[in-house]
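Some notes on the structure that comes next.
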Amino acid sequence: ITLDTKGEKLVAGNRTLLKFKVSSNGDAIAWNKIIIGVTKTAANTIADGARLVDSATQTVVATLAAGDSDCEGAAATCTMTVLLAGGAEEQVSGEKTYELKGTVGGTLALNSYIAPQISNTAVAKATNTNAVITGVGTNSFVWSDISAQAHDVATTADWTNEFLVKTFPVSQTLTVK
């Protein structure tokens with residue numbers, strides 16, 4: 001996972017909050033969960049209904065339901081969880097760029113900011129035992145090498161957490177100038 005956002009200004013309305021690439025070292029991979037931690041000026045808000053889109057096609061990959069984000073309030077830190085519903089997974093062969101988009105509001109005073117980040121939150125990285133960990137705990141990036149014969153999100157043991165992901169953290173700061 002690598003950052004693909006250039007310094008953006010923070011303004012009210014629908015904004016790209018974080019733009020990043022997911023890439024593999026050869027064969028295709030799949031992912032089904034990304035947790036994005038956000039640090040922000042408390043008066044700034046991100047409304048429910050944020051979405052993750054494929055940057056090339058602008059196709060919505062996931063829309064975050066009200067329970068998937070707590071960034072609409074006045075807290076200085078919050079979390080946005082992208083968990084693909086119904087056993088879905090997003091496959092990547094080569095690389096794919098994604099944008100986290102959301103509606104920014106609140107009091108956007110000079111020098112206030114919103115800073116989303118994908119970081120390594122696992123207490124311990126899973127070794128390459130391919131344990132099924134999808135949807136469990138605070139793992140910030142749950143992915144698979146798609147190595148199981150009948151690969152699927154719910155039943156195969158080819159999913160892992162941040163194991164082998166070497167590019168954390170990925171962050172972007174949007175500031176009112």
Side-chain angles (χ1 to χ4, degrees), residues 1-5 14-38 46-72 78-103 114 116-126 128-172:
I1 298 179
T2 56
L3 183 65
D4 193 42
T5 307
N14 187 33
R15 302 289 302 156
T16 296
L17 304 171
L18 182 65
K19 187 174 181 182
F20 60 95
K21 292 180 185 178
V22 174
S23 59
S24 64
N25 288 344
D27 294 332
I29 63 163
W31 65 266
N32 118 307
K33 179 181 176 183
I34 300 174
I35 294 178
I36 301 156
V38 180
I46 303 169
D48 285 337
R51 60 237 159 265
L52 189 69
V53 300
D54 179 320
S55 189
T57 64
Q58 292 300 299
T59 302
V60 175
V61 175
T63 300
L64 282 67
D68 294 338
S69 172
D70 59 354
C71 294
E72 64 280 354
C78 56
T79 304
M80 303 176 86
T81 302
V82 178
L83 179 59
L84 302 181
E89 64 183 43
E90 180 77 0
Q91 290 198 9
V92 176
S93 183
E95 74 178 23
K96 189 179 277 192
T97 303
Y98 297 95
E99 297 175 36
L100 176 66
K101 295 186 176 213
T103 303
I114 292 177
Q117 176 173 305
I118 305 169
S119 56
N120 184 351
T121 58
V123 174
K125 290 185 179 180
N128 199 9
T129 58
N130 296 328
V132 177
I133 61 168
T134 206
V136 173
T138 60
N139 296 309
S140 64
F141 186 63
V142 176
W143 69 281
S144 169
D145 61 5
I146 316 175
S147 61
Q149 181 85 17
H151 168 82
D152 102 14
V153 171
T155 61
T156 59
D158 60 349
W159 290 89
T160 190
N161 61 2
E162 292 93 2
F163 181 65
L164 298 177
V165 179
K166 299 175 184 174
T167 55
F168 287 129
V170 175
S171 63
Q172 167 69 28

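Every heavy atom of this structure was used, including side-chain atoms; hydrogens, water molecules and symmetry mates were not. Since we're looking at a predicted model, the values are computed, not measured. All residue numbers in this chain count up from 1 along the given sequence.
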Restricting to side-chain contact (heavy atoms from CB on, under 4.5 Å), what partner residues turn up for [X], sequence neighbours left out?
X	answer
Glu99	Thr16, Lys19, Val53, Ser55, Gln58, Lys101
Ala65	Asp68
Ser93	Ala28
Ser24	Ile29

Check your understanding: Listed by chain and number, what are the salt bridge (charged side-chain N to carboxylate O under 4.0 Å, His left out) partners of Asp54, not counting sequence neighbours?
Key ->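 Result, salt bridge (charged side-chain N to carboxylate O under 4.0 Å, His left out) vs Asp54: Lys96.
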Review point. Taking only residues two or more places apart in sequence or in another chain, which ones pass salt bridge (charged side-chain N to carboxylate O under 4.0 Å, His left out) with Glu89?
Key: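 With neighbours one apart ignored, the set is empty.
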[X] versus [Y]: any side-chain heavy-atom pair under 4.5 Å?
X	Y	result
Thr79	Ile35	yes
Ile36	Leu17	no
Val82	Leu64	yes

Exercise for review: Measure the acute angle between the ring planes of Trp31 and Tyr98, then classify it against the limits of 30° and 60° as parallel, tilted or perpendicular.
Suggested key: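 Perpendicular, since the angle between the ring planes exceeds 60°.
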Practice item. Output yes when a side-chain donor or acceptor of Thr81 lies under 3.5 Å from a complementary backbone atom of Leu83, and no otherwise. Key: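 A pair under 3.5 Å: no.
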Please give me the minimum heavy-atom distance between [X] and [Y], naming the atom from each residue.
X	Y	answer
Asp48	Ser69	OD1-O, 4.1 Å
Glu72	Ala47	CB-CA, 4.4 Å
Glu90	Leu84	N-CD1, 3.5 Å
Thr63	Gly49	CG2-O, 3.9 Å

Review point. Who passes side chain to side chain donor-acceptor pair (under 3.5 Å) against Asp70, sequence neighbours left out?
Key: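 Per chain and number, Asp70 pairs via side chain to side chain donor-acceptor pair (under 3.5 Å) with no residue.
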Practice item. Enter the distance from Ile34:CD1 to Leu100:CG here, rounded to the nearest 0.5 Å. Key: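 One finds 9.0 Å between CD1 of Ile34 and CG of Leu100.
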**Study point:** Spatial distance of atom CZ (Arg51) from atom CE (Met80) [nearest 0.5 Å]
**Key:**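 Reported value, rounded in 0.5 Å steps: 9.5 Å.
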Practice item. Output, in order, the C-alpha distance, side-chain angles, deciding distance and verdict of side-chain contact (heavy atoms from CB on, under 4.5 Å) for Trp143 and Val22. Key: CA-CA 11 Å; Trp143 69 281; Val22 174; over 6 Å; no
